[in-house]
Number of protein chains: 2
Amino acid sequence: MNLPPLCEAFVLHFGEMGSRWGVNRTVGQIYAVLFIAEAPLCADDLVERLGISRSNVSMGLKELQSWNLVRQRPVAGDRRDFFTTPDDIYSIVRTLVNERKKREIDPTLSMLRELLMQTPANAQEQHAQSRLKDMHELIELLTAWYADIEKLETDRLIQLLSLGSKVAKILEVKDRIFALPGGKGRQTPSSTPNRG
Amino acid sequence: MNLPPLCEAFVLHFGEMGSRWGVNRTVGQIYAVLFIAEAPLCADDLVERLGISRSNVSMGLKELQSWNLVRQRPVAGDRRDFFTTPDDIYSIVRTLVNERKKREIDPTLSMLRELLMQTPANAQEQHAQSRLKDMHELIELLTAWYADIEKLETDRLIQLLSLGSKVAKILEVKDRIFALPGGKGRQTPSSTPNRG
DNA sequence: CTCAGTTTTCAGATATTCCTGAAAATAGAG
DNA sequence: CTCTATTTTCAGGAATATCTGAAAACTGAG
């Protein structure tokens, strides 16, 4: 591996992590090299830095592109293809989550829905269905939450994440305000006027 | 595989998913069978239902136990070991996230911190560090958020997740209330009295 | 202690995934 | 069109991961 020590350490670790997250080691390493690169790299740059075969790089890049994790950028006066990762790390995470959702969560949800539609043939299947129902509800809750959160501007997102569970305390404040004696009952937050 | 069709479909899908999340297929299947089982199962039950070797079951259970994902439950009048998954699916997810954090996120954070302490030897390393800094900050933000959220009671958690980005609107309400003209300036939510 | 039932270990067999070099395909310049 | 630079494909070899049966280790009853 032809990289400065600091870079090599990162690339090796990232490759290892990749392999625990369902991506093969080399693909993780390719991504890592692109992530920390100062400028767009071409396939041969990756061959040189990682010491792997040209065809391996080609396959790795193809996989990363299918995940929308790397972008192909033209470089003036050079026929070769150059690749980069987005500068904005938040957009990287959004992409990653969206892709995994599309490939793993969505098919799982439809599998669960399908099995929940079936009429259970016996007590065993009936009990299984009740477990699947719990799982289905939880995944729906999480994905609905994410779909909602994902729309926020990065700044608002950071603000929200920084608050963490303190939001729960704000909920209490809200409850006290909108649940005044003699009031019209509990209002949903979306019914409050919105300065957008 | 010796399971009713509905169960088998779930177990197969879950095993497949497991293999995309860094767990081997069989371990995923063992977990799936336990998850939908009506009662605690012993190793031989798993051998029969999955049609795999006794030793494979033993290794799979050992791995699941090391993740705290299955519990060993004694059954009266039976010397064999019986296994279950927790009934509460929320506690399952908490365990899963905590374990992955411990095994993957924490080591990554310390790797990043270590590399950020080093003095960059050249422009390339310097640029790499600035990228690693972004990554480190993002992971810290996310883990701090999770650490905070994780403490909530399940009910509150569900309430919070259900709100999704509507929370952002509550923030605006809060801002309007606490930023009244002539007020004492912005207060943090944690400084409000807490009923609880 | 001995013994039968049960679980764990682990070397080797099997299966899967990954990587490579060679050849084919593609694309732009002239 | 031809020629060259570049990328992609893919069969087969290399490396990993997974699975099994046999043997060892453990455990509680008697």
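Bear in mind that the values here come from a model prediction, so they are computed numbers and not experimental data. We name chains A, B, ... by the order of the sequence lines, and we start the count at 1 in each one.
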**Q** Side chains of B:Met1 and B:Arg49: does their closest heavy-atom pair fall under 4.5 Å?
**A**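 They are not in contact (no side-chain heavy atoms under 4.5 Å apart), so the answer is no.
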
**Q** Checking salt bridge (charged side-chain N to carboxylate O under 4.0 Å, His left out) against B:Asp106, which of B:Lys101, B:Arg100, B:Arg113 comes through?
**A**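 With B:Asp106 as partner, B:Lys101, B:Arg100, B:Arg113 yield a single salt bridge (charged side-chain N to carboxylate O under 4.0 Å, His left out), made by B:Lys101.
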
**Q** Using whole Å, what does the distance between atom P of nucleotide C:dC3 and atom CZ of B:Arg79 come to?
**A**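 Computing the B:Arg79:CZ to C:dC3:P distance gives 15 Å.
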
**Q** Can you tell me how the ring of A:Phe10 sits relative to the ring of A:Phe35, calling it parallel under 30°, perpendicular over 60° and tilted otherwise?
**A**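 Rings of A:Phe10 and A:Phe35: tilted, as their planes differ by 30° to 60°.
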
**Q** Regarding A:Arg80, tell me which of base, sugar-phosphate or nothing describes its non-hydrogen contacts under 4.0 Å with the strands shown.
**A**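 The answer is sugar-phosphate, as A:Arg80 gets under 4.0 Å only of primed atoms, P, OP1 or OP2.
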
**Q** Figure out the CD1/C1' separation between B:Ile52 and D:dT20, and round it to whole Å.
**A**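 Nearest whole value for this atom pair: 11 Å.
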
**Q** Kindly determine whether B:Asn98 and B:Glu150 satisfy side chain to side chain contact (heavy atoms under 4.5 Å, CB included), including the steps that lead there.
**A** CA-CA 9 Å; B:Asn98 289 338; B:Glu150 202 246 343; 3.3 Å; yes

**Q** Are B:Lys62 and C:dT9 close enough that a side-chain N or O sits under 4.0 Å from OP1 or OP2?
**A**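 It does, given that an N or O in the side chain of B:Lys62 lies less than 4.0 Å from OP1 or OP2 of C:dT9.
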
**Q** Pick the closest DNA chain C nucleotide for A:Met59 and for B:Ala43 by heavy atoms, then say which residue is nearer the 5' end.
**A**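 Nearest nucleotide further toward 5': that of B:Ala43.
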
**Q** If I take atom CG in residue B:Leu46 and atom C1' in nucleotide C:dT7, what distance separates them, rounded to the nearest angstrom?
**A**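 The distance from CG of B:Leu46 to C1' of C:dT7 comes to 14 Å, rounded to the nearest Å.
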
**Q** Rounded off to whole Å, could you give me the CZ-to-C1' distance for the B:Arg20 and C:dT16 pair?
**A**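 Answer to the nearest Å: 16 Å.
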
**Q** Of all the nucleotides listed (C:dG21, D:dC19, C:dC19), which has the minimum atom distance to the side chain of B:Thr26?
**A**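 Among the listed nucleotides, the one closest to the side chain of B:Thr26 is D:dC19.
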
**Q** Tell me which of B:Asn24 and A:Arg54 sits closer to the 5' end of DNA chain D, going by the nucleotide each one is nearest to.
**A**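 The residue mapped nearer the 5' terminus is A:Arg54.
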
**Q** Taking the minimum atom-to-atom distance to the side chain of B:Ser55, which one of C:dT8, C:dA22, D:dG21 wins?
**A**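 Taking heavy atoms from C-beta onward, the closest nucleotide is D:dG21.
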
**Q** Output the rounded distance in Å from CG (B:Leu41) to P (C:dT6).
**A**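 So the CG-P distance, B:Leu41 to C:dT6, works out to 16 Å.
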
**Q** Whole-Å distance between D:dT8 C1' and A:Glu63 CD?
**A**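 Rounded to the whole Å, the gap is 15 Å.
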
**Q** Would B:Glu137 and B:Lys133 pass as an ion pair if we require N to O under 4.0 Å?
**A**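 Counted as a salt bridge, because a side-chain N and a carboxylate O are separated by less than 4.0 Å.
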
**Q** Rounding to an integer number of Å, can you tell me how far A:Leu61 CG sits from C:dC19 P?
**A**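 Distance, rounded to whole Å: 13 Å.
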
**Q** How is A:Asp44 classified with respect to the nucleic acid when contacts are heavy atoms under 4.0 Å: base, sugar-phosphate, or nothing?
**A**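 If one applies the 4.0 Å heavy-atom cut-off, A:Asp44 turns out to touch nothing in the nucleic acid.
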
**Q** What nucleotide among D:dT7, C:dG21, D:dA17 has an atom nearest to a side-chain atom of A:Arg25?
**A**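 Nucleotide nearest to A:Arg25's side chain: D:dA17.
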
**Q** How close or far is atom P of D:dT6 from atom CZ of A:Phe83, stated in whole angstroms?
**A**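 Distance check: A:Phe83 CZ to D:dT6 P gives 13 Å.
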
**Q** Looking only at side-chain N and O atoms, does A:Ser53 come under 4.0 Å of OP1 or OP2 in C:dC19?
**A**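 It does not, given that no N or O in the side chain of A:Ser53 lies less than 4.0 Å from OP1 or OP2 of C:dC19.
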
